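Because the structure is predicted, anything quoted here is derived from the model rather than measured.
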Amino acid sequence: MIDAPHFGSAIHLSNVRFSWPKSTFGLSVRDWSVHSGETVLLLGASGSGKSTLLSLICGINAPQSGNISINGTDIGALTGTRRDRFRADTIGIVFQLFNLLPYANGLDNILLPLKFSTQRRANFTDPKAEALRLAQSLGIGPDILRDGPASNLSVGQQQRVAVARALIGSPPILVADEPTSALDSVAQGEFLDLMFDQVRRTETTLVMVSHDERLADRFDRVEQLAEIIETSAMAAP
Amino acid sequence: MLIRLAFLSLKSRALTVGLTVFAIALSVALLLGVEKVRTGAKASFSDTISDTDLIVGARSGSVQLLLYSVFRIGSATNSVSWESFGEIANSPGVTWAVPLSLGDSHRQFRVLGTTSEYFDRYKYRSGRSLEFADGRSFDDLFDAVVGSDVAAELGYSVGDPIVVAHGIASFTEHEDTPFRISGILAKTGTPVDRTVIVSLEAIEAIHVDWQSGAQRPGTPTSPDQLRAMDLEPTAITAAMLGVDSRLQLFTLQRAINDYDKEPLLAIVPGLALQELWDTVGIAETALVGVSAMVVVTALLGMAAMLLSGLSARRREMAILRAVGARPTTIMGFLIIEALLMASAAAALGVGLLYLLLVVLQPILDANYGLFVPITGLDRGEILTLIAVVLAAGGVSLIPAVRAYRMSLSDGMIVKL
């Protein structure tokens, strides 16, 4: 666990309150931050508000009150459209399962974020070559990417393609929601090795949610979700 | 890229999408087909007679006069006296006059008595003249010219004998006056194809030995005796007139309608055709309306198909949102899918239409005398296709707005 105050803050939440519309589930975060380039593991069971927290960090939902600052930008102050563009530019996301558009091939899936972020696309002249390179470094050969729709890939392959998609164009932040829970322990280790290689090399900030404490020693910092967020089953004020 | 993704997404649901597209394509083919048949029907209808300025008959309704004189449907309630015809034919401004005498039949075909000038004056399809496929006009008193359908259906060729019956659908045939076929007309697509044409004198000749519908007792008059007789008719059914100028046309029409020696009616064929079409046309318009409704139904089916697929596609939308797609992009994605389907359906529909036209054209022509020309798509049809595609975009707003709402409320949590 590295306490490094000289790092810039990549993610900072203060006094955040959020509740889902037409729902009694609410969540609040008093003060929590992740430094730039830091890798953080959030431990928590499902139902602990982790998806809601990630939705807020990614700017898919906006809090009713409080401040969420990503790379120095208060995303709560952005309009929905600008928030979506900001997310496309800044954050790569990997889900637990079903990360890929099943009908498109792996290559199309990796290139998908570039459609929505001119900033990430501007990083290279040949996006396809970059996608193939990135996939290769994650252990996915070009044949697998081009050979038929993503639904034909194994779960392990799908998760690696998802990481390639999240990382293409080097967004400063990678958010991963239980990306290994569908993999067996060998595949888990291999997957994390490859992902960490990339993350360390590009100095990407990583926030990963999991319920598996065994993963902890790979991360700079480990936190219990329950200590960060307060959930309430009552309507938010 | 979004279009490519939409295409891939549709491809992955090939069966449902294929059926939906086929339904729209069928409805489009139906709509365009009805329109083509309608245009074809109207064209062949108004092409039935041209270059005739006035048709004169005994006073009745203008549509009725048109029906019996041109379409050989129904019969005249009264006749026009030969004196009146002569007087009208010699009126100032009248350049030509062709008498028409109807009332006899041969098998199921009507017999028309007229002069040989008929073959020069009767025009159809904007000025086309009648042509002989074989033989020539009548020379002798007992010469008959038959239309192409008559020849084809009864297997006649030039020189064959033909018996003309008195009255329509009568069994008492004029066996004692044997006619001979002198010519067969080329196909016109008009009622002329189904007509036996003889001279006016011949019509008189076959009635010489008949009185009040029954044969006069005694030896029938021989053909040679008939040829020597003066067979000037006393009355005709109707007449076709040509006049000098449009100006005189209406003066002459009024004069004939006000004729004091007998009640007559003169009609301008083009106007009467229009009047008749307006009556028939209501049914045609209804048909177009019904086929337009079929298109709307097919499009609503597509909207329902997209809508019912939405909940299975929540994951897909969450992925798109995660990589930075706006909710409006998700909306656009669904609209693009609808537009792609409708465009494919429009293209397929046009293909089906031409396939149907190629198959059905000879059948329609042979059985109903309806000639539907196979032409390219006209401006109206292209506009119709564009309208169908735009309407598809319109109805796709229903699932698109729903997808928009879903992608806003789902966030990153997707219940599977």
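Only the side chain of A/Arg165 comes within contact range of chain B, judged by heavy atoms closer than 4.5 Å. Looking at A/Asp108, the atoms closer than 4.5 Å to chain B (heavy atoms on both sides) sit in the backbone and in the side chain alike. The part of B/Arg4 that comes within reach of chain A is its side chain, from C-beta onward, which places non-hydrogen atoms under 4.5 angstrom from that chain. With a 4.5 Å cut-off on non-hydrogen atoms, B/Thr328 does not touch chain A at all. When heavy atoms are compared at a cutoff of 4.5 Å, A/Ser117 does not approach chain B at all. For chain B, the nearby part of A/Leu100 is the backbone; its heavy atoms alone come within less than 4.5 Å.
When the shell of 6.0 Å around CZ of A/Phe124 is examined, it contains more than 12 heavy atoms from other residues, nucleotides or ligands.
Taking the six-membered ring for Trp, A/Phe219 and A/Phe196 have ring centres closer than 6.0 Å.
Side chain to side chain, A/Thr81 and A/Thr79 fail the donor-acceptor criterion of an N or O pair below 3.5 Å. Of the N and O atoms on the side chains of B/Arg313 and B/Ser9, at least one donor lies less than 3.5 Å from an acceptor on the other residue.
Interface remark: of the candidates A/Ala88, A/Ala104, A/Ala166, A/Pro102, A/Ala88 forms the most heavy-atom pairs closer than 4.5 Å to chain B.
Between B/Glu337 and B/Arg13, at least one side-chain N (NZ, or NE/NH1/NH2) sits under 4.0 Å from a carboxylate O, which counts as a salt bridge. The existence of a salt bridge linking B/Lys42 and B/Glu284 is excluded, since no basic side-chain nitrogen approaches an acidic carboxylate oxygen closer than 4.0 Å.
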